[in-house]
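Take a look at the structure below.
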Amino acid sequence: MPREFQFQVSPEVAANESLLAQHVAKLFQVSPKEIQKVVVLKRSIDARQKAIKMNIKANVYLIGEDYVASKIELPDYPNVANKQEVIVVGAGPAGLFAALQLIELGLKPIVLERGKDVRGRRRDLKAINVDGIVNEDSNYCFGEGGAGTYSDGKLYTRSKKRGDVDRILELLVGFGATPDILVEAHPHIGTNKLPQIIQDIREKILACGGQVLFETRVTDFVVKNNEMQGVVIQNGDIISANKVILATGHSARDIFELLHKKNILIEAKPFALGVRAEHPQELIDQIQYSCDFRGDYLPPAPYSIVKQVNGRGMYSFCMCPGGVIAPCATAPGEVVTNGWSPSKRDQATANSGIVVELKLEDFKPYEKFGPLAGMEFQKAIEQKAWYLAGQTQKVPAQRMVDFTQNKISAAIPKTSYVPGTTSVEMGQVFPGFLAQIMREGFVQFGKSMKGYMTNEAILHAPESRTSSPVRIPRDNFSLEHIQIKGLYPCGEGAGFAGGIISAAIDGEKCALKIAESLQVV
């Protein structure tokens with residue numbers, strides 16, 4: 001039987017299998033020749049001391065002990081071509097993993113995606129980056145894989161209580177992700193690798209008899225006696241099913257408006273909003289690793305920071321080491337920022353959303369919109385930023401210290417944001433209370449992370465799509481909408497997830513509840 005050990009080693013030892021075995025041999029007080037295999041189970045960085053260490057949790061096999069390399073295999077998915085149909089609206093993580101779970105349970109998913117497949121999306125991403133043209137159905141938020149496909153692909157979640165995180169990670173490995181995601185404390189896949197994984201998931205759904213329909217936007221719900229009967233798509237066709245998983249993501253404003261128009265209960269939900277801050281990655285490395293040069297064995301440093309300012313949390317969100325900032329508008333006349341990293345995280349810049357938690361009372365000027373008040377608050381800031389930056393996909397930008405001093409930056413250097421920037425005093429973009437909280441918060445950040453507050457850091461506005469501004473309420477047990485039988489609000493758009501892993505888990509949970517209600521499990 002292998003023995004489990006937890007220990008610390010230098011980054012160089014952690015990166016070298018032979019050196020790692022030698023270190024373990026010393027722990028065992030045996031010759032390195034007696035070590036058959038060191039299987040790393042978990043790996044994380046401890047940068048609290050000047051000498052940075054790697055925390056390792058590993059199984060150690062000695063010569064003569066049974067060791068078989070583990071291999072991740074996908075479930076034995078059945079063919080469901082002739083089984084009962086379930087509509088899944090949205091092909092993001094929640095929708096795709098719901099579809100896979102439905103197949104595993106013997107049900108046929110019909111996945112409806114308003115956007116294009118991963119390859120078709122690329123042309124529209126080029127159009128928004130280069131020409132400033134926003135396709136409302138195909139962009140960084142909409143299309144196969146949802147917002148996650150062209151994101152950093154972060155797989156870290158604090159939502160352990162929500163479900164089986166390891167199961168989702170293993171499925172991703174089965175579809176082509178590197179097995180390292182099972183080991184790293186803060187795993188990510190990378191923007192360059194996600195599209196193929198998403199495509200392979202789609203091909204599995206199709207091979208098992210499921211359907212995936214692209215450029216198929218839902219425009220209405222067919223409801224009779226408060227029970228789902230199906231959906232109407234943009235060409236007027238009706239797709240019938242009495243079970244519908246609604247997994248449309250946090251930016252599907254037309255769906256929120258449709259639900260409200262049909263008097264299907266939704267609620268305003270607090271979310272967070274702010275800016276995306278970009279620093280030189282080398283500077284973040286120096287701050288986090290307390291060194292002039294991080295060397296060959298440490299990854300580009302991330303950071304996580306939170307402060308309480310005037311009774312509100314201000315914190316880093318979706319931090320992207322070695323990454324870039326992307327234009328994530330979903331309609332003309334607005335600008336939105338987000339960040340991502342390639343798998344190697346090898347870009348020269350680091351960026352992070354720096355956001356402030358909002359409260360329902362902040363949406364009071366938009367109370368005439370009822371449960372859509374938060375969405376209108378969000379929309380107003382995005383539209384104002386678009387106007388102030390020149391009515392293109394350029395974004396308002398300001399140097400960090402200048403922002404804290406209410407001073408327009410004389411010149412903004414070229415940043416990773418491809419459409420470009422316009423020098424704007426951020427106080428014009430945000431409501432006064434929000435701008436003031438951010439000014440004070442950045443000063444506090446600078447005290448905690450020496451060197452963080454610098455005019456080398458460029459703020460881009462706004463970072464506004466952190467989570468859904470709406471919650472679609474559902475029964476805690478059945479996961480059905482509290483008013484409409486057969487409607488299963490799911491994932492980020494419904495207010496029940498925040499990121500790839502938690503959205504995937506929520507998709508699986510909704511699929512399981514449907515199978516239970518149909519008595520197929």
**Message:** Can you give me the closest heavy-atom contact between Val118 and Glu144, atom names plus distance?
**Reply:** N-OE1, 2.9 Å

**Prompt:** Is a salt bridge present between Lys83 and Glu104, judged by a nitrogen-to-oxygen distance below 4.0 Å?
**Reply:** no

**Prompt:** Could you give the distance from CG (Leu27) to CD (Gln6), rounded to the nearest 0.5 Å?
**Reply:** 12.0 Å

**Fill in**
Scanning both residues in full, the closest heavy-atom pair of Ile52 with Pro11 reads O-CD, 3.3 Å

**Request:** Can you measure from CG (Leu479) to CG (Asp506) and round to the nearest 0.5 angstrom?
**Result:** 7.0 Å

**Message:** Are the side chains of Leu372 and Phe363 in contact, using a 4.5 Å heavy-atom criterion?
**Reply:** no

**Item:** Minimum side-chain heavy-atom gap Asn129-Lys126 below 4.5 Å
**Value:** no

**Request:** From the options Glu376, Glu334, Glu136, select the one residue that forms a salt bridge (charged side-chain N to carboxylate O under 4.0 Å, His left out) with Arg253.
**Result:** Glu334

**Request:** State, to 0.1 Å, how close Cys510 and Ile245 come at their nearest heavy-atom pair, and which atoms those are.
**Result:** CB-CD1, 4.3 Å

**Item:** Backbone N/O of Ala494 and side chain of Arg471: donor-acceptor pair under 3.5 Å
**Value:** no

**Ring center gap for Tyr488 and His481 short of 6.0 angstrom** = no

**Request:** Assess Arg474 against Phe496: is NZ or CZ under 6.0 Å from the centre of the six-membered ring, and within 45 degrees of the ring's axis?
**Result:** yes

**Prompt:** Under 30°, 30 to 60°, or over 60°: which ring-plane class applies to Phe377 and Phe271, parallel, tilted or perpendicular?
**Reply:** perpendicular

**Prompt:** Ion pair present between Arg114 and Asp137, side-chain N to carboxylate O less than 4.0 angstrom?
**Reply:** yes

**Prompt:** Does Ile103 reach the side chain of Ile205, with side-chain heavy atoms less than 4.5 Å apart?
**Reply:** yes

**Asked** What do you reckon, are the aromatic ring centroids of Phe369 and Phe256 less than 6.0 Å apart?
**Response** no

**Message:** Do Lys513 and Phe477 form a cation-pi contact, if we require the NZ or CZ to be under 6.0 Å from the six-membered ring centre and within 45 degrees of the ring's axis?
**Reply:** yes

**Prompt:** Would you call Arg3 and Asn59 a side-chain contact if the rule is heavy atoms closer than 4.5 Å?
**Reply:** no

**Item:** Ser352 side chain to Ile354 backbone, donor-acceptor under 3.5 Å
**Value:** no

**Message:** Just verifying a value: how many Å separate Ile189 CD1 and Ser341 OG, rounded to the nearest 0.5 Å?
**Reply:** 13.0 Å

**Prompt:** What's the shortest heavy-atom distance between Cys320 and Gly339, and which atoms?
**Reply:** SG-C, 3.4 Å

**Prompt:** For the atom pair CG (Leu265) and CD1 (Ile482), what is the distance rounded to the nearest 0.5 Å?
**Reply:** 4.5 Å

**Prompt:** Of all heavy-atom pairs between Ala247 and Gly95, which one has the smallest distance, and what is that distance?
**Reply:** CB-N, 3.8 Å

**Message:** Looking at Lys269 and Glu492, is there a salt bridge between them, counting it only when a charged N and a carboxylate O are closer than 4.0 Å?
**Reply:** no

**Asked** Taking side chain as C-beta onward, heavy atoms only, is Pro270 less than 4.5 Å from Lys359?
**Response** no

**Asked** Which distance, rounded to the nearest 0.5 Å, do you find between the CD of Glu508 and the CG of Leu171?
**Response** 6.0 Å

**Fill in**
Shortest non-hydrogen pair, Leu182 vs Leu169, comes out as CD2-CB, 3.6 Å

**side chain to side chain donor-acceptor pair (under 3.5 Å) partner of Arg465, the single match among Thr337, Thr330, Asn338** = Thr330

**Prompt:** What distance do Glu382 atom CD and Ser464 atom OG have between them, rounded to the nearest 0.5 Å?
**Reply:** 3.5 Å

**Prompt:** Does a donor on one side chain and an acceptor on the other come within less than 3.5 Å for Asn235 and Asp237?
**Reply:** yes

**Request:** Say whether, by atom type as modelled, one donor and one acceptor occur between the side chain of Glu480 and the main chain of Gly486 under 3.5 angstrom.
**Result:** yes

